[in-house]
Amino acid sequence: MNVRRSAAVLAATAVIGAATPAVAASPSPTPSVAIPSGLYGSTDPTYDGVWRQSLALLAQDTAGVRPAAKAVDWLTGQQCANGSFAAFRADPAKACDAELMVDTNSTAAAVQALAALGGHDAAQRKAVGWLKSVQNADGGWGYAPGGASDTNSTSVVVGALAAAGEKPAEVVKGGKSPYDALVKLALPCAAGGAFAYQPDKQGKLAANADATAAGVLGALGEGLAAKAAAQSAAAACAAPGTPQQAAANGAAYLAKAVAEDGYLTSVLPGAENQPDYGNTADAVVALAAQGGAEQAREPLAWLQRNATAWAKQNGPAAYAQLVLAAHATGTDPRAFGGTDLVAALNATGPAPQSADKATGGLQREDADEKDRDGKDSDDGFGVWWTVGVFLVAGIGIGFLISGRRKRQP
């Protein structure tokens with residue numbers, strides 16, 4: 001759950017688990033647009049604004065933090081009249097038109113955040129209505145309306161439907177539900193039991209760790225802020241005939257993938273394998289949701305030892321992923337490897353209104369605007385942008401839109 005979550009590169013990313021070294025020194029480029037005062041993060045939001053904002057608000061909610069009103073208002077103000085969300089609208093006063101690229105991931109992430117916060121029923125209904133209107137005939141969703149269904153997009157929409165009080169199994173198109181689409185994207189045990197991102201041009205499926213982390217949650221009907229399952233049992237692989245079995249198979253694949261080193265790896269063209277912090281955080285949520293917190297113990301411990309520097313460099317989306325991993329396992333996000341993730345996340349945007357005393361969080365903070373130029377953290381997109389400049393030159397913007405979801409394990 002990305003990362004599962006993301007938009008173009010991050011998002012993509014991760015979103016969200018950006019496939020870059022954790023602590024590589026890389027200056028953030030000057031944003032090409034002005035950073036709105038209500039938005040978390042200080043880097044260019046063009047490709048991940050709504051995604052990173054949604055993750056930040058969702059993570060704050062799990063930690064008992066009441067976000068700043070202007071942070072929530074910024075997110076709701078990004079919605080188009082038809083209910084959809086784009087990755088970022090620099091001028092929300094301008095009506096959405098055919099040139100604006102809206103997407104299912106931004107829309108579904110926003111639904112999950114607004115549902116968690118409460119009080120935004122009308123916005124949720126419009127967004128869910130739009131998502132239903134662009135469902136594919138196989139029951140799934142692609143990143144962009146009309147695009148081929150993929151595991152990541154279908155899964156984040158399932159999470160949105162569930163958060164909004166819908167029953168995903170009853171949201172059908174052509175007689176197919178999103179669970180039918182996910183089962184179709186699950187590999188057999190002989191191929192590892194993982195989920196593929198989507199079929200290649202020959203219709204073949206290839207295991208993808210990022211898609212698998214997302215697919216496990218989607219097949220379970222869970223969202224990005226999933227909690228640990230009550231049981232604590234290792235997943236065993238069997239024919240993926242049901243979404244529950246496909247989820248168990250995917251979790252078994254992830255457990256095997258992290259067994260040796262405690263983390264998942266990511267590969268950039270021409271680079272050696274390196275830890276994928278965001279995808280590992282997503283895997284922790286998936287493993288806990290399917291088999292209980294104990295199943296995620298080793299990758300969680302690895303993140304506690306190693307991921308806080310990555311989060312500091314990558315900002316709100318990264319901090320949010322770690323908070324959600326802590327939430328899924330019942331771990332205190334305010335004492336995560338010696339770091340208060342909640343305070344660090346809060347510091348990347350407008351000061352929250354309050355926090356639940358039971359969580360040990362700060363009460364009513366100074367509402368004065370923070371000096372954004374003084375921050376030392378970026379959003380999950382920032383560092384990847386540097387690498388993305390070179391990728392864009394050789395591959396084009398189409399790769400950016402699908403980069404996160406197509407990463408190989």
Report the residues that fulfil side chain to side chain donor-acceptor pair (under 3.5 Å) with [X], sequence neighbours left out, ordered by chain and then residue number.
X	result
Gln53	none
Thr329	Thr331
Asp73	none
Gln245	Asn249

Test of understanding: with salt bridge (Lys or Arg N to Asp or Glu O under 4.0 Å), list the residues that count as partners of Arg89, not counting sequence neighbours.
none

I need the Trp141 CH2 to Thr107 OG1 distance, nearest 0.5 Å.
12.0 Å

Tell me every residue that passes side chain to side chain contact (heavy atoms under 4.5 Å, CB included) with [X], counting only those two or more places apart in sequence or in another chain.
X	value
Ala191	Leu187, Pro188
Gln202	Asp200, Lys204
Ala164	Val111, Gln124, Val128
Gln112	Leu58, Val156, Ala160, Ala163, Leu224

Within residues 125-136 or reaching into it, pairs that qualify as side chain to side chain donor-acceptor pair (under 3.5 Å) - sequence neighbours excluded:
Lys132-Glu166, Asn136-Ser149

Sorted by chain and residue number, the ring-ring contact (aromatic ring centres under 6.0 Å, His included) partners of Trp302 (sequence neighbours excluded) come out as Tyr263, Tyr277

